[in-house]
Amino acid sequence: SQQGEEDPQALSIQEGENATMNCSYKTSINNLQWYRQNSGRGLVHLILIRSNEREKHSGRLRVTLDTSKKSSSLLITASRAADTASYFCATASYTGGFKTIFGAGTRLFVKA
Amino acid sequence: DTEVTQTPKHLVMGMTNKKSLKCEQHMGHRAMYWYKQKAKKPPELMFVYSYEKLSINESVPSRFSPECPNSSLLNLHLHALQPEDSALYLCASSQEPRTFNYGYTFGSGTRLTVV
(Lines give C-alpha, C1' and ligand atoms only; values in the text may rest on other atoms or scores of the structure.)
Protein backbone atom coordinates (compact mmCIF):
# COMPACT_ATOMS: atom_id res chain seq x y z
CA SER A 1 0.00 0.00 0.00
CA GLN A 2 1.15 3.53 -0.63
CA GLN A 3 1.31 6.00 2.21
CA GLY A 4 2.76 9.16 0.74
CA GLU A 5 1.85 11.23 -2.25
CA GLU A 6 4.54 13.34 -3.82
CA ASP A 7 4.32 16.57 -5.67
CA PRO A 8 5.31 17.27 -8.33
CA GLN A 9 5.46 13.94 -10.16
CA ALA A 10 8.21 15.33 -12.37
CA LEU A 11 10.42 18.39 -12.15
CA SER A 12 12.83 19.79 -14.72
CA ILE A 13 15.30 22.52 -13.75
CA GLN A 14 18.58 24.04 -14.87
CA GLU A 15 21.85 23.23 -13.15
CA GLY A 16 22.45 25.63 -10.28
CA GLU A 17 18.76 26.12 -9.50
CA ASN A 18 17.09 24.83 -6.36
CA ALA A 19 14.68 21.87 -6.48
CA THR A 20 11.80 21.45 -4.04
CA MET A 21 9.79 18.27 -3.71
CA ASN A 22 6.81 17.77 -1.43
CA CYS A 23 5.39 14.71 0.26
CA SER A 24 2.04 14.29 1.97
CA TYR A 25 0.97 11.31 4.04
CA LYS A 26 -2.18 10.08 5.70
CA THR A 27 -1.46 8.41 9.04
CA SER A 28 0.64 9.16 12.11
CA ILE A 29 4.31 8.44 11.62
CA ASN A 30 7.43 7.86 13.71
CA ASN A 31 9.83 9.20 11.13
CA LEU A 32 10.01 10.24 7.50
CA GLN A 33 12.90 9.45 5.22
CA TRP A 34 13.98 10.56 1.77
CA TYR A 35 15.67 8.27 -0.73
CA ARG A 36 17.19 8.73 -4.19
CA GLN A 37 17.03 6.15 -6.96
CA ASN A 38 19.07 6.32 -10.16
CA SER A 39 17.93 4.52 -13.30
CA GLY A 40 15.66 2.00 -11.56
CA ARG A 41 18.41 0.47 -9.42
CA GLY A 42 18.88 0.46 -5.66
CA LEU A 43 17.70 3.28 -3.44
CA VAL A 44 20.11 5.45 -1.49
CA HIS A 45 19.11 6.79 1.91
CA LEU A 46 19.48 10.57 2.02
CA ILE A 47 18.07 11.79 5.29
CA LEU A 48 15.79 10.78 8.18
CA ILE A 49 13.69 13.22 10.17
CA ARG A 50 11.90 12.13 13.32
CA SER A 51 8.32 13.09 14.07
CA ASN A 52 9.42 15.47 16.84
CA GLU A 53 11.81 17.33 14.54
CA ARG A 54 10.83 20.17 12.22
CA GLU A 55 13.88 20.69 10.06
CA LYS A 56 17.06 18.87 9.21
CA HIS A 57 20.06 19.63 6.99
CA SER A 58 22.61 17.43 5.28
CA GLY A 59 24.99 19.09 2.85
CA ARG A 60 22.88 20.60 0.04
CA LEU A 61 19.73 18.93 1.37
CA ARG A 62 17.17 20.53 3.63
CA VAL A 63 14.14 18.60 4.87
CA THR A 64 11.17 20.01 6.73
CA LEU A 65 8.39 18.13 8.45
CA ASP A 66 4.98 19.47 9.45
CA THR A 67 3.14 16.76 11.34
CA SER A 68 0.04 18.94 11.76
CA LYS A 69 -0.32 19.08 7.99
CA LYS A 70 1.10 15.59 7.47
CA SER A 71 3.58 16.89 4.95
CA SER A 72 7.31 17.13 4.30
CA SER A 73 9.48 18.87 1.77
CA LEU A 74 12.94 18.16 0.38
CA LEU A 75 14.99 21.07 -0.90
CA ILE A 76 18.12 20.43 -2.98
CA THR A 77 20.13 23.62 -3.33
CA ALA A 78 22.49 24.46 -6.22
CA SER A 79 21.44 21.37 -8.16
CA ARG A 80 23.84 19.46 -10.39
CA ALA A 81 23.27 17.21 -13.39
CA ALA A 82 24.28 14.29 -11.14
CA ASP A 83 21.20 15.00 -8.98
CA THR A 84 19.01 13.71 -11.83
CA ALA A 85 17.14 10.79 -10.27
CA SER A 86 13.83 9.77 -8.72
CA TYR A 87 13.28 10.91 -5.15
CA PHE A 88 10.98 9.05 -2.77
CA CYS A 89 9.69 9.93 0.63
CA ALA A 90 9.09 6.99 2.96
CA THR A 91 7.11 7.01 6.18
CA ALA A 92 7.81 4.71 9.10
CA SER A 93 5.03 3.70 11.44
CA TYR A 94 3.93 0.79 13.56
CA THR A 95 0.91 -0.70 11.78
CA GLY A 96 0.91 -4.39 12.55
CA GLY A 97 4.70 -4.24 12.67
CA PHE A 98 7.51 -1.76 12.04
CA LYS A 99 6.92 -0.75 8.43
CA THR A 100 8.40 1.80 6.05
CA ILE A 101 6.13 2.63 3.14
CA PHE A 102 7.20 4.61 0.09
CA GLY A 103 5.43 7.46 -1.65
CA ALA A 104 4.93 7.71 -5.40
CA GLY A 105 8.15 9.64 -6.02
CA THR A 106 9.27 12.73 -7.91
CA ARG A 107 11.38 12.39 -11.04
CA LEU A 108 13.94 15.20 -11.11
CA PHE A 109 15.74 16.23 -14.30
CA VAL A 110 18.63 18.66 -13.94
CA LYS A 111 19.76 20.07 -17.26
CA ALA A 112 23.40 21.01 -17.68
CA ASP B 1 31.49 -3.51 4.54
CA THR B 2 28.59 -1.11 4.11
CA GLU B 3 26.77 -2.84 1.29
CA VAL B 4 23.82 -5.06 0.62
CA THR B 5 24.68 -7.49 -2.17
CA GLN B 6 21.98 -9.02 -4.34
CA THR B 7 22.41 -11.83 -6.82
CA PRO B 8 21.70 -12.35 -9.59
CA LYS B 9 21.39 -8.86 -11.09
CA HIS B 10 19.15 -10.13 -13.88
CA LEU B 11 16.99 -13.24 -14.06
CA VAL B 12 14.74 -14.57 -16.81
CA MET B 13 12.57 -17.51 -15.83
CA GLY B 14 9.69 -19.48 -17.24
CA MET B 15 6.39 -19.83 -15.46
CA THR B 16 7.16 -23.42 -14.47
CA ASN B 17 10.67 -22.72 -13.17
CA LYS B 18 11.91 -22.57 -9.61
CA LYS B 19 14.56 -19.97 -8.86
CA SER B 20 15.93 -18.09 -5.87
CA LEU B 21 17.08 -14.55 -5.25
CA LYS B 22 19.85 -14.01 -2.76
CA CYS B 23 20.64 -11.04 -0.52
CA GLU B 24 23.63 -10.68 1.79
CA GLN B 25 24.83 -8.02 4.24
CA HIS B 26 27.72 -8.00 6.70
CA MET B 27 26.89 -4.82 8.59
CA GLY B 28 25.42 -6.63 11.58
CA HIS B 29 21.94 -5.38 10.71
CA ARG B 30 19.17 -7.37 12.38
CA ALA B 31 16.28 -6.43 10.09
CA MET B 32 16.03 -7.41 6.44
CA TYR B 33 13.36 -6.64 3.89
CA TRP B 34 12.11 -7.60 0.45
CA TYR B 35 10.48 -4.94 -1.71
CA LYS B 36 9.00 -5.27 -5.22
CA GLN B 37 9.14 -2.36 -7.64
CA LYS B 38 7.36 -2.08 -10.96
CA ALA B 39 8.53 0.44 -13.57
CA LYS B 40 7.89 4.07 -12.60
CA LYS B 41 6.27 2.99 -9.31
CA PRO B 42 7.47 3.15 -5.71
CA PRO B 43 8.87 0.06 -3.96
CA GLU B 44 6.16 -2.05 -2.34
CA LEU B 45 6.90 -3.90 0.88
CA MET B 46 6.67 -7.70 0.65
CA PHE B 47 8.34 -9.20 3.73
CA VAL B 48 10.10 -8.08 6.90
CA TYR B 49 12.51 -10.24 8.88
CA SER B 50 13.38 -9.19 12.40
CA TYR B 51 16.14 -11.14 14.16
CA GLU B 52 15.88 -13.85 11.49
CA LYS B 53 12.17 -14.33 12.10
CA LEU B 54 9.43 -13.37 9.66
CA SER B 55 7.55 -10.49 11.26
CA ILE B 56 5.56 -9.06 8.36
CA ASN B 57 4.08 -10.67 5.26
CA GLU B 58 2.15 -8.12 3.23
CA SER B 59 -0.31 -10.70 1.87
CA VAL B 60 2.20 -11.85 -0.71
CA PRO B 61 1.12 -14.85 -2.87
CA SER B 62 2.59 -18.17 -1.79
CA ARG B 63 4.54 -18.48 -5.04
CA PHE B 64 6.99 -16.15 -3.26
CA SER B 65 8.65 -17.85 -0.30
CA PRO B 66 11.16 -15.96 1.84
CA GLU B 67 13.85 -17.55 3.94
CA CYS B 68 16.39 -16.12 6.40
CA PRO B 69 19.00 -18.82 7.13
CA ASN B 70 21.12 -16.51 9.29
CA SER B 71 21.51 -12.88 10.26
CA SER B 72 23.50 -12.05 7.11
CA LEU B 73 21.53 -13.83 4.46
CA LEU B 74 18.04 -13.46 3.01
CA ASN B 75 16.60 -15.53 0.19
CA LEU B 76 13.45 -15.23 -1.88
CA HIS B 77 12.36 -18.51 -3.46
CA LEU B 78 10.26 -18.21 -6.59
CA HIS B 79 7.97 -20.87 -8.02
CA ALA B 80 5.25 -20.85 -10.67
CA LEU B 81 5.43 -17.10 -11.20
CA GLN B 82 3.24 -15.14 -13.57
CA PRO B 83 4.35 -12.59 -16.17
CA GLU B 84 2.89 -9.83 -14.00
CA ASP B 85 5.48 -10.73 -11.33
CA SER B 86 8.16 -9.28 -13.59
CA ALA B 87 9.70 -6.41 -11.62
CA LEU B 88 12.79 -5.17 -9.80
CA TYR B 89 13.14 -7.02 -6.50
CA LEU B 90 14.97 -5.01 -3.87
CA CYS B 91 16.49 -6.24 -0.65
CA ALA B 92 17.22 -3.86 2.21
CA SER B 93 18.54 -4.03 5.74
CA SER B 94 18.43 -1.79 8.80
CA GLN B 95 20.33 -1.76 12.03
CA GLU B 96 17.65 -2.37 14.61
CA PRO B 97 14.18 -3.60 13.64
CA ARG B 98 12.36 -2.54 16.80
CA THR B 99 12.98 1.18 16.57
CA PHE B 100 12.54 3.86 13.96
CA ASN B 101 15.95 5.44 14.39
CA TYR B 102 17.63 4.08 11.29
CA GLY B 103 17.25 4.32 7.55
CA TYR B 104 17.55 1.40 5.20
CA THR B 105 20.50 0.23 3.14
CA PHE B 106 19.33 -1.13 -0.19
CA GLY B 107 20.92 -3.55 -2.59
CA SER B 108 20.98 -2.74 -6.31
CA GLY B 109 18.18 -5.21 -6.97
CA THR B 110 17.41 -8.20 -9.16
CA ARG B 111 15.55 -7.42 -12.36
CA LEU B 112 13.22 -10.38 -12.88
CA THR B 113 11.48 -11.19 -16.15
CA VAL B 114 8.91 -14.00 -16.20
CA VAL B 115 8.23 -15.42 -19.67
Side-chain angles (χ1 to χ4, degrees), chain A residues 1-7 9-10 21 23-25 27-53 56 58 61 63 65 67 85-108, chain B residues 2-7 9-10 23 25 27 29-51 53-60 86-113:
Chain A
S1 62
Q2 199 167 302
Q3 161 79 305
E5 296 295 329
E6 289 176 69
D7 166 47
Q9 291 186 338
M21 289 161 266
C23 169
S24 60
Y25 56 91
T27 63
S28 297
I29 62 171
N30 290 81
N31 72 47
L32 187 143
Q33 302 164 52
W34 285 89
Y35 288 82
R36 184 185 75 230
Q37 185 176 37
N38 291 84
S39 304
R41 299 309 290 187
L43 287 85
V44 175
H45 180 255
L46 297 175
I47 198 163
L48 180 154
I49 185 166
R50 295 186 175 81
S51 59
N52 61 354
E53 297 175 311
K56 206 160 183 181
S58 177
L61 306 180
V63 169
L65 179 64
T67 53
S86 292
Y87 291 82
F88 294 94
C89 70
T91 53
S93 59
Y94 189 89
T95 49
F98 290 86
K99 294 182 186 179
T100 295
I101 305 297
F102 285 80
T106 293
R107 298 177 73 189
L108 174 66
Chain B
T2 58
E3 288 187 343
V4 172
T5 302
Q6 287 189 246
T7 55
K9 292 196 183 309
H10 300 273
C23 173
Q25 57 89 12
M27 296 176 282
H29 288 180
R30 302 313 301 272
M32 296 185 77
Y33 313 85
W34 281 114
Y35 281 82
K36 172 184 177 180
Q37 187 179 27
K38 302 282 271 185
K40 298 185 180 180
K41 296 291 186 182
E44 293 181 11
L45 182 63
M46 299 175 72
F47 302 104
V48 179
Y49 272 83
S50 172
Y51 291 92
K53 294 192 187 314
L54 183 65
S55 63
I56 296 175
N57 175 342
E58 290 285 81
S59 302
V60 178
S86 298
L88 182 68
Y89 287 84
L90 293 161
C91 174
S93 68
S94 66
Q95 190 163 343
E96 168 50 62
R98 295 170 301 188
T99 74
F100 289 113
N101 293 330
Y102 305 99
Y104 291 6
T105 302
F106 277 84
S108 57
T110 293
R111 190 163 299 281
L112 174 68
T113 303

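Chain letters run A, B, ... following the sequence lines, proteins first and then strands; every chain starts at 1. The structure displayed is predicted, hence computed values, not measured ones.
- With a threshold of 4.5 angstrom between heavy atoms, A:F88 approaches chain B through side-chain atoms but not through N, CA, C or O.
- The shortest side-chain heavy-atom distance between B:Y51 and B:E96 falls under the 4.5 Å cut-off.
- Annotation: maximal heavy-atom pairing with chain A below 4.5 Å, among B:N101, B:L90, B:V48, occurs at B:N101.
- In summary, the side chains of B:S94 and B:Y33 do present a donor paired with an acceptor at a separation below 3.5 Å, with no hydrogens or angles considered.
- Residues B:E58 and B:Y35 have side chains that never bring a donor and an acceptor to within less than 3.5 angstrom of each other.
- Both the backbone and the side chain of A:T100 come within less than 4.5 Å of a heavy atom of chain B.
- For A:Y35 and A:Y87, the ring centers sit 6.0 Å or farther from each other.
- Interface residue A:L43: backbone and side-chain heavy atoms are both found under 4.5 Å from chain B.
- Side-chain contact between B:S108 and B:K9 is present, with at least one heavy-atom pair separated by less than 4.5 Å.
- When heavy atoms are compared at a cutoff of 4.5 Å, B:Q6 does not approach chain A at all.
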